[in-house]
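What follows is a set of notes on a single structure, which appears directly below.
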Amino acid sequence: MRMITVQIADKSGHATLVMAPAAAAVEIRNQARAGAWVFADGQLLSGATQLGVSDLADVDSVRVMPGLVGG
């Protein structure tokens with residue numbers, strides 16, 4: 001079974017999870033809805049709130065980072 005490494009960072013640190021694509025897609029959508037930025041294999045994903053399993057077909061790793069606000 002294909003697995004994806006998902007790193008989730010927040011203000012308290014980070015967690016590294018190894019997940020099936022379907023579970024990774026759900027977690028990524030949830031994090032993106034909360035304002036996080038999602039990087040798949042180093043590329044920023046736009047529209048991550050609607051990410052599907054097929055969008056992760058060729059992805060090896062995902063990083064979820066808190067959204068940055070400038071000002």
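All residue numbers in this chain count up from 1 along the given sequence.
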Euclidean distance, I8 CD1 relative to T16 OG1, rounded to 0.5 Å: 9.0 Å
side-chain contact (heavy atoms from CB on, under 4.5 Å) involving A34 - partner list, sequence neighbours excluded: none
Distance-minimising heavy-atom pair for A48 and A32: CB-CB, 3.7 Å
Members besides V53 in its Ile/Leu/Val/Met/Phe/Trp/Tyr cluster (side-chain heavy atoms under 4.5 Å): none
Donor-acceptor contact below 3.5 Å, side chain D55 vs main chain G52: yes
Approximate separation, where rounding is to 0.5 Å, of D10 CG and M65 CE: 10.0 Å
Main-chain N/O of D60 paired to D41 side chain as donor or acceptor, under 3.5 Å: yes
Non-hydrogen side-chain atoms of I4 and M19 separated by less than 4.5 Å: no
From R63 atom CZ to L44 atom CG, the distance as rounded to the nearest 0.5 Å: 10.0 Å
Minimum heavy-atom distance V64-A36, with the two atoms named: CG1-CB, 3.5 Å
Reference residue L51; test side-chain contact (heavy atoms from CB on, under 4.5 Å); the match among V62, L45, V38, V59: L45
